[in-house]
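Please read the structure below before turning to the comments.
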Amino acid sequence: MYALEEKNLLLEPRQFETAQKKLLEWYEVCGRHELPWRLSEDVYHVYVSEIMLQQTQVNRVMQEYYPQFLEKFPTLKALSEADEAEVLAAWSGLGYYSRARNLHATAKLCPQTLPQTLDELLKLPGIGPYTASAICSFAYNQQVGVVDTNIERVIKRFFALSQPSVNKVNAEAGGFVNAEQPRAHNLALMDLGSLVCLPNNPKCEECPLAFSCDGKNEPEFYTKKEKKVYENLELFYGVCEKNEKIALVKSSARMYKGMLELPNVEPLEEDFIAAFKHSYTKYRLTVKLYKTDDVEGEVFWYNHEEIQNAPISSLTRKAFGALQKAQR
DNA sequence: GTCCTGAAGG
DNA sequence: CCTTCAGGAC
């Protein structure tokens, strides 16, 4: 079915030249040219930024993580020579820690530079279809389609695709790429999705592609979201304090592999200290802290000062905050 | 279907 | 306060 559509696409190529031209003119004026990772075409800079930007918003990456990370690990080589714990500490609070572990693993596999083809990039840990194409487009200026969620939304609306397959969206995005300026084309589409072709109430009156957008009369029809189901959970952590230092252990949770956290305990009401909320994916957590005396296994001692640079999640960071507040 | 978080919204 | 949103790899 899709093969047939793609065949038709090849037999009767659409004329995109005007749309491509208007898109680049808009980008010239309205694009986010000052984003730090766009000021460089160094493949390492592009790579680090794309991994950080996976599932994470531009402002946090730009202000709290990207510059600090490059300061600490200025090159792929430097990153490859670092300890995983250092890399996780630089990632602390950003979430999706497998990104940091995979980034480090890829640096060890390619300490000099990254490969220059989609196929080779896709073999590396943590690099999927989006990131491979982003590197090829933004670092190497290759003529490849790049489809992140912003561009996906633009493509679905522009071509009026209702619930298309991933392949269909990729094929349309790929066919639309400007052969002369693939990098600028993809960055422009990304900014258009982020600034104009918004999920709700898109600003079609400002859009350079509105003149030939097939979906502009009902833009939200093509990008409906499904509603989510949540699950509530309670977690219990122990606070073992000696000489102003608090005991941490290596996390047994897969998602926090390699990171430190408070030890789990059985709740005893008389030892209750504090509680706070946290959430991830579909889970809504109520986290409760209890005083405890002994901790099994390998223990790492941290005071409130030292914890700032430790490989811990936001959940653990919140626990230290709740603890300090309860002790005042 | 799993992995994370802070900002924005009601 | 609680809920929703934004953002790709495996």
Side-chain angles (χ1 to χ4, degrees), chain A residues 32 35 37 46-66 88-106 118 121-138 144-156 166 169-170 173 186 189-191 193-202 220 223-233 235 251-259 261 275-287 311-321:
Chain A
R32 297 175 293 181
L35 293 177
W37 43 87
V46 170
Y47 172 46
V48 169
S49 71
E50 290 302 338
I51 299 296
M52 285 191 173
L53 289 164
Q54 287 172 11
Q55 308 299 97
T56 307
Q57 292 178 318
V58 166
N59 282 337
R60 288 192 68 225
V61 168
M62 187 166 61
Q63 294 162 13
E64 302 171 48
Y65 290 92
Y66 181 75
L88 287 171
W91 211 268
S92 173
L94 198 54
Y96 293 112
Y97 299 96
S98 62
R99 294 183 296 170
R101 294 191 295 267
N102 286 333
L103 182 70
H104 187 226
T106 287
L118 278 179
L121 286 164
L122 282 168
K123 293 177 186 167
L124 297 168
I127 298 184
Y130 166 74
T131 306
S133 64
I135 290 170
C136 285
S137 175
F138 303 152
V144 297
V146 176
V147 182
D148 73 338
T149 56
N150 283 306
I151 295 182
E152 178 183 7
R153 190 169 56 249
V154 174
I155 295 294
K156 282 181 177 174
V166 171
V169 175
N170 289 342
N186 286 317
L189 275 184
M190 212 169 256
D191 285 0
S194 173
L195 303 172
V196 175
C197 194
L198 303 172
N200 304 307
N201 307 311
E220 295 178 29
T223 54
K224 281 185 274 203
K225 311 145 202 160
E226 51 214 86
K227 71 171 180 188
K228 292 165 187 168
V229 179
Y230 297 107
E231 190 176 328
N232 295 310
L233 281 184
L235 293 184
S251 176
S252 53
R254 235 197 324 275
M255 67 181 178
Y256 292 138
K257 185 178 185 313
M259 308 190 73
E261 64 182 13
F276 60 93
K277 305 277 188 188
H278 190 73
S279 62
Y280 68 89
T281 321
K282 65 175 185 173
Y283 299 101
R284 298 297 170 264
L285 311 178
T286 300
V287 183
I312 58 170
S313 68
S314 284
L315 192 164
T316 304
R317 204 173 287 281
K318 276 188 200 174
F320 271 76

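Letters A, B, ... are given to chains in the order of the sequence lines, protein chains preceding strands, and every chain is numbered from 1.
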Is any side-chain nitrogen or oxygen of Tyr256(A) closer than 4.0 Å to OP1 or OP2 of dT5(B)? yes
Using a heavy-atom cut-off of under 4.0 Å over every strand shown, decide if Thr149(A) touches base, sugar-phosphate, or nothing. sugar-phosphate
Can you give me the N/O atom pairs linking the protein to nucleotides 6-10 of chain B at distances under 3.5 Å, or say none if there are none?
residue: dG6(B); atom: OP1; partner: Ser314(A); partner atom: OG; Å: 3.1

Pairing residues for Lys318(A) by the salt bridge (Lys or Arg N to Asp or Glu O under 4.0 Å) criterion, not counting sequence neighbours: none
Sugar-phosphate, base or nothing in reach of Asn59(A), heavy atoms under 4.0 Å: nothing
side-chain hydrogen bond (donor to acceptor under 3.5 Å, both in side chains) against Ser92(A), all qualifying residues, sequence neighbours excluded: Arg317(A)
Apply side-chain hydrogen bond (donor to acceptor under 3.5 Å, both in side chains) to Ser98(A) and list each qualifying residue two or more places apart in sequence or on a separate chain. none
Report which part of the nucleic acid Arg284(A) touches: base, sugar-phosphate, or nothing (heavy-atom distance under 4.0 Å, all strands). base
Nucleotide range of DNA chain C contacted by chain A, 5' to 3', under 4.0 Å to a heavy atom? dT4(C) to dC10(C)
Residues in side chain to side chain contact (heavy atoms under 4.5 Å, CB included) with Tyr65(A), at least two apart? Met52(A), Arg60(A), Leu94(A)
Quick check on DNA chain C: between Ile127(A) and Arg153(A), whose nearest nucleotide comes earlier from the 5' end? Arg153(A)
OP1, OP2 of dG1(B) versus side-chain N and O of Lys282(A): anything below 4.0 Å? no
Which residues share a side chain to side chain contact (heavy atoms under 4.5 Å, CB included) with Tyr96(A), sequence neighbours left out: Gln55(A), Arg99(A)
Dot-bracket, 5' to 3', for DNA chain B please: Watson-Crick or G-U pairs under 3.5 Å, [ ] where pairs cross earlier ones, | where the partner sits on another strand, dots elsewhere. ||||||||||
Applying a 4.0 Å non-hydrogen cut-off, can you work out what Tyr130(A) is touching in the nucleic acid: base, sugar-phosphate, or nothing? sugar-phosphate
According to ring-ring contact (aromatic ring centres under 6.0 Å, His included), who are the partners of Tyr283(A), at least two apart in sequence or on a separate chain? Tyr280(A)
Residue list, side chain to side chain contact (heavy atoms under 4.5 Å, CB included) with Asn59(A), at least two apart or on another chain: Met62(A), Gln63(A)
Closer than 3.5 angstrom, by distance alone: can the side chain of Glu261(A) be matched with the main-chain N or O of Ile312(A) as a donor-acceptor pair? no
Going by side-chain hydrogen bond (donor to acceptor under 3.5 Å, both in side chains), name the residues that satisfy it together with Asn200(A), two or more places apart in sequence or in a different chain. Lys225(A)
Interatomic distance where OH belongs to Tyr280(A) and P belongs to dG1(B) [whole Å]: 16 Å
Heavy-atom closest pair, residues Phe138(A) and Val146(A): CZ-CG1, 4.3 Å
Suppose we screen for side-chain hydrogen bond (donor to acceptor under 3.5 Å, both in side chains). Which residues come up paired with Asp148(A), at least two apart in sequence or across chains? none
On DNA chain C, does the nearest nucleotide to Thr131(A) precede the nearest nucleotide to Asn232(A) from the 5' side, or the other way round? Give the residue. Asn232(A)
